[in-house]
Visitor: 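One structure, pasted below without further comment.
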Amino acid sequence: MMRKFLWPVVALACLLLAAEVLNLSAVRPFGAILSIVGMAFCLLARMSARSKADRQHDRVAHLTFWLYACALVIWIFLMFWR
């Protein structure tokens, strides 16, 4: 069930990270919320990996978790830097 939603979450993480790096003001208010929700989803995806076939999805979820964490750190940095 979680595997279906993993790739859209990966795409959202990449878009969110790009928006944070490019400092797009439309994403600014939602950056932290999207990052925290994405990180929670990645943790759920990692916990639901049970078999050897799910190991690839577990690695993707782990990488995506760190993408969301980077976006959150950038968001916090830019919030206090201004």
Side-chain angles (χ1 to χ4, degrees):
M1 175 78 174
M2 297 298 272
R3 288 186 284 166
K4 280 193 241 181
F5 302 111
L6 188 58
W7 294 111
V9 170
V10 171
L12 180 65
C14 293
L15 289 174
L16 181 65
L17 189 60
E20 290 293 336
V21 168
L22 295 174
N23 199 8
L24 297 177
S25 61
V27 182
R28 179 78 40 215
F30 305 109
I33 295 168
L34 288 174
S35 294
I36 292 169
V37 169
M39 289 169 74
F41 184 84
C42 290
L43 286 175
L44 287 173
R46 290 197 72 205
M47 288 190 296
S48 70
R50 294 185 197 125
S51 65
K52 288 184 180 180
D54 288 338
R55 285 189 187 197
Q56 179 184 7
H57 294 101
D58 179 51
R59 284 188 217 125
V60 170
H62 186 73
L63 175 68
T64 308
F65 176 84
W66 287 109
L67 287 175
Y68 278 115
C70 290
L72 185 63
V73 166
I74 291 170
W75 184 85
I76 290 171
F77 175 74
L78 291 175
M79 184 176 72
F80 289 115
W81 183 50
R82 292 184 186 252

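Keep in mind that what you see is a predicted model, and the values were worked out from it rather than measured.
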Visitor: For the OH atom of Y68 and the CG atom of L43, what is their distance to the nearest 0.5 Å?
Guide: 12.0 Å

Visitor: Only one of V73, I76, I74, L72 passes side-chain contact (heavy atoms from CB on, under 4.5 Å) with S35; say which it is.
Guide: L72

Visitor: Can F41 be reached from W66 by stepping across I, L, V, M, F, W or Y side chains whose heavy atoms are under 4.5 Å apart?
Guide: yes

Visitor: Measure the CG-CG distance between L12 and L67 for me, rounded to the nearest 0.5 Å.
Guide: 10.5 Å

